[in-house]
Amino acid sequence: MPVAEKSDTFILDNGGYSIKAGYASQSSPRVIPNCIVKAKAEKRRAFIGDQIEDCRELSSLFYMLPFQKGYLVNWDHQKTLWDYLFGKQSFHLKCDELNLVFTEPYFNFSSIQEGLSEIFFEEYGFKSLLRTHTGDLSCYQNKIENPDEKCCLVIESGYSFTHIVPYVLGKRVRNAVRRIDVGGKLLTNHLKEIISYRQLHVLEETYVMNSCKEDCCYVSTEWDSDLKKAKARGKENTIARDYVLPDFTTLRRGYMKSLEESTGKAGDGEQIIRMNNERFMVPEVLFNPSDIGIQQMGIPEAVQLSISQCEEMAQPWLYRNIVLTGGNILFPGFKERLEREIRALAPDNMEVNIRVGSDPVLYPWRGGASIAKDPGFSQLCVTKQDYMERGYNACLNKYYL
């Protein structure tokens with residue numbers, strides 16, 4: 001965990017899968033899972049956030065998630081996680097001395113927005129609050145890194161959704177924001193169903209199969225060619241790999257064997273899953289959601305549609321400054337495939353340039369840390385005094401959500 005140097009601003013990037021939290025002066029945040037977990041091996045105890053590392057056996061875990069379908073629905077679970085994070089076991093915050101930068105989902109319900117302001121001011125008592133979107137923070141960070149760029153298109157592919165968000169001169173073009181209902185959670189569930197149907201019943205093994213997805217899956221840049229290889233037998237098949245499942249005594253996390261070691265036969269004391277075309281068919285859903293019956297366009301088409309709904313003068317700037325954030329960006333081959341497909345859809349006279357930060361998951365948090373050092377930061381926040389005088393209207397007038 002990074003050392004928490006003292007700063008008067010705390011950044012809380014509250015994602016559906018993980019919470020990225022830390023002082024603005026830290027070099028990187030602390031990342032904890034945004035869930036409460038119960039395990040079969042230890043029925044009496046609930047593991048909050050990163051306490052899951054103390055759990056002996058990670059099979060058949062029962063997840064209690066604050067977020068469902070991308071929105072905060074269970075306040076009790078979320079407050080338990082925040083209490084743990086702000087309390088003595090983690091950061092031990094003195095909330096009344098701190099400004100808070102908090103990220104929330106796009107198109108958030110007004111009742112949830114009101115509840116968030118209320119809980120941070122009245123329950124925790126923060127000195128001031130900036131509620132914003134992860135895309136706004138990514139755009140700000142991108143502006144610092146590339147000061148000459150006038151516009152920016154943020155593609156954020158996370159746990160629940162994939163959003164395409166254009167920014168012109170630093171301001172979000174609200175009517176051009178596009179959402180695809182495909183995220184990391186859906187991909188993990190899809191992989192669980194495929195493996196359960198073809199090989200081994202793993203529908204209850206969310207934690208194990210999520211690790212399997214992260215270790216084995218990639219985005220195919222030559223889809224037809226990879227499909228032919230996956231159909232081949234013997235040495236001609238260079239796609240198939242053995243994934244060794246963890247036993248939670250000698251092996252805590254599974255791993256993928258190399259091509260030479262992957263024979264399809266389990267070694268002594270091993271249990272394996274044979275990963276063949278699943279390796280690239282699962283992330284393919286991001287590009288073709290109709291493959292599994294979701295009647296929506298893929299990311300490249302959504303990018304083209306989103307940009308076409310912005311002003312004509314801004315379009316070349318948007319194509320040349322596309323920023324990728326979120327956990328799904330970590331699939332090998334994602335950037336190359338996306339760049340190729342957007343290039344095919346974009347007008348010939350426009351340059352297409354895609355940027356990926358050193359860590360796409362932490363990129364918005366770093367944007368939050370940067371914005372906290374901005375001289376005009378205090379103008380963006382609602383103070384506790386202002387909130388107490390004017391109530392929720394103070395937030396409505398200040399935030400552009």
Side-chain angles (χ1 to χ4, degrees), residues 13-20 31 33-34 67-71 103-107 133-139 141-142 152-167 172 176-191 210 213-221 279-292 294 296-307 318 321-342 345 352-367:
D13 181 2
N14 202 73
Y17 177 70
S18 63
I19 297 175
K20 284 72 71 179
V31 182
N34 193 3
F67 277 71
Q68 294 290 349
K69 302 250 174 104
Y71 295 102
T103 66
E104 60 179 90
Y106 300 95
F107 314 118
H133 297 308
T134 44
D136 296 19
L137 300 180
S138 299
C139 174
Q141 183 68 10
N142 176 259
C152 150
L153 183 88
V154 177
I155 300 176
E156 189 185 327
S157 189
Y159 182 61
S160 309
F161 298 129
T162 297
H163 283 99
I164 289 93
V165 192
Y167 290 85
R172 184 173 356 105
V177 177
R178 288 288 163 268
R179 184 179 88 191
I180 303 166
D181 297 334
V182 178
K185 184 180 183 181
L186 183 139
L187 299 183
T188 301
N189 289 341
H190 183 45
L191 180 61
N210 194 58
K213 177 193 77 175
E214 290 171 0
D215 295 342
C216 298
C217 291
Y218 69 95
V219 173
S220 172
T221 48
R279 290 186 63 203
F280 59 86
M281 293 293 266
V282 169
E284 185 65 24
V285 177
L286 289 161
F287 293 84
N288 294 292
S290 56
D291 285 359
I292 58 167
I294 296 173
Q296 292 182 336
M297 60 185 77
I299 296 176
E301 293 83 3
V303 166
Q304 195 245 339
L305 178 66
S306 177
I307 292 178
L318 289 164
N321 190 26
I322 298 172
V323 180
L324 303 183
T325 68
N328 295 328
I329 309 304
L330 299 172
F331 282 124
F334 186 98
K335 182 193 171 195
E336 293 77 10
R337 166 80 178 271
L338 187 63
E339 195 157 19
R340 197 183 70 193
E341 295 209 0
I342 292 176
L345 293 168
V352 173
N353 185 25
I354 295 181
R355 306 176 199 271
V356 183
S358 55
D359 189 336
V361 176
L362 303 184
Y363 196 77
W365 185 91
R366 297 193 198 287

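Any value given below was found using the heavy atoms of this structure, including those in side chains, with hydrogens, waters and symmetry copies removed. Values in this document were obtained by computation on a predicted structure and should not be read as measured data.
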Residues forming a side chain to side chain donor-acceptor pair (under 3.5 Å) with Arg355, sequence neighbours excluded: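 With neighbours one apart ignored, the set is Asn146, Glu149, Asn321.
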My understanding is that only residues two or more places apart in sequence, or in another chain, count here; which of them pass side chain to side chain donor-acceptor pair (under 3.5 Å) with Ser220?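 Counting only residues at least two positions away or on another chain, Ser220 forms a side chain to side chain donor-acceptor pair (under 3.5 Å) with Asp226.
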Check whether any side-chain heavy atom of [X] lies under 4.5 Å from a side-chain heavy atom of [Y], and answer yes or no.
X: Val177; Y: Phe107; answer: yes
X: Gln141; Y: Trp365; answer: no
X: Leu345; Y: Val303; answer: no
X: Tyr167; Y: Asp136; answer: yes
X: Leu286; Y: Leu187; answer: yes
X: Ile180; Y: Phe161; answer: no
X: Ile155; Y: Leu338; answer: yes
X: Pro283; Y: Val219; answer: yes

One pair to check against side-chain contact (heavy atoms from CB on, under 4.5 Å): Ile292 and Leu186. What are the steps and the verdict? CA-CA 11 Å; Ile292 58 167; Leu186 183 139; 3.6 Å; yes
What pairs with [X] under side chain to side chain contact (heavy atoms under 4.5 Å, CB included), at least two apart in sequence or on another chain?
X: Tyr17; result: Tyr159, Asn210, Glu214
X: Asn288; result: Glu284, Asp291, Arg337
X: Val361; result: Lys20, Leu330, Asp359

Classify the side-chain pair Thr134/Glu156 by whether it contains a donor and acceptor separated by less than 3.5 Å.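 On atom types as modelled, these side chains qualify, holding a pair under 3.5 Å.
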Where [X] and [Y] come nearest, the two heavy atoms and their spacing:
X: Val352; Y: Glu339; answer: O-OE2, 3.8 Å
X: Ala302; Y: Ile164; answer: CB-CD1, 3.7 Å
X: Pro166; Y: Ala176; answer: CG-CB, 3.6 Å
X: Pro364; Y: Pro360; answer: CD-O, 3.8 Å

Would you compute the distance between atom [atom1] of [X] and atom [atom2] of [Y] and round it to the nearest 0.5 angstrom?
X: Asn328; Y: Lys213; atom1: CG; atom2: NZ; value: 6.0 Å
X: Ile294; Y: Asp181; atom1: CD1; atom2: CG; value: 7.0 Å
X: Ile329; Y: Leu324; atom1: CD1; atom2: CG; value: 4.5 Å
X: His163; Y: Ser157; atom1: NE2; atom2: OG; value: 10.5 Å
X: Cys216; Y: Leu191; atom1: SG; atom2: CG; value: 8.0 Å
X: Arg178; Y: Leu153; atom1: CZ; atom2: CG; value: 12.0 Å

Hey, does the side chain of [X] reach the backbone of [Y] with a donor-acceptor pair shorter than 3.5 angstrom?
X: Tyr363; Y: Val323; result: no
X: Arg340; Y: Thr221; result: yes
X: His133; Y: Thr103; result: no
X: Thr162; Y: Val182; result: yes

Contact list for residues 298-307, test side chain to side chain donor-acceptor pair (under 3.5 Å), sequence neighbours left out: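 Residue pairs passing side chain to side chain donor-acceptor pair (under 3.5 Å), neighbours aside: none found.
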Checking side-chain contact (heavy atoms from CB on, under 4.5 Å) for the pair Lys185/Gln68: CA distance, chi angles, key distance, verdict? CA-CA 10 Å; Lys185 184 180 183 181; Gln68 294 290 349; 3.2 Å; yes
Less than 6.0 Å separating the ring centroids of Phe287 and Phe334?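 Yes, the ring centres sit under 6.0 Å apart.
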Before giving the answer on side-chain contact (heavy atoms from CB on, under 4.5 Å), spell out for Ile342 and Ile354 the whole-Å C-alpha distance, their side-chain angles and the decisive distance to 0.1 Å. CA-CA 10 Å; Ile342 292 176; Ile354 295 181; 4.3 Å; yes
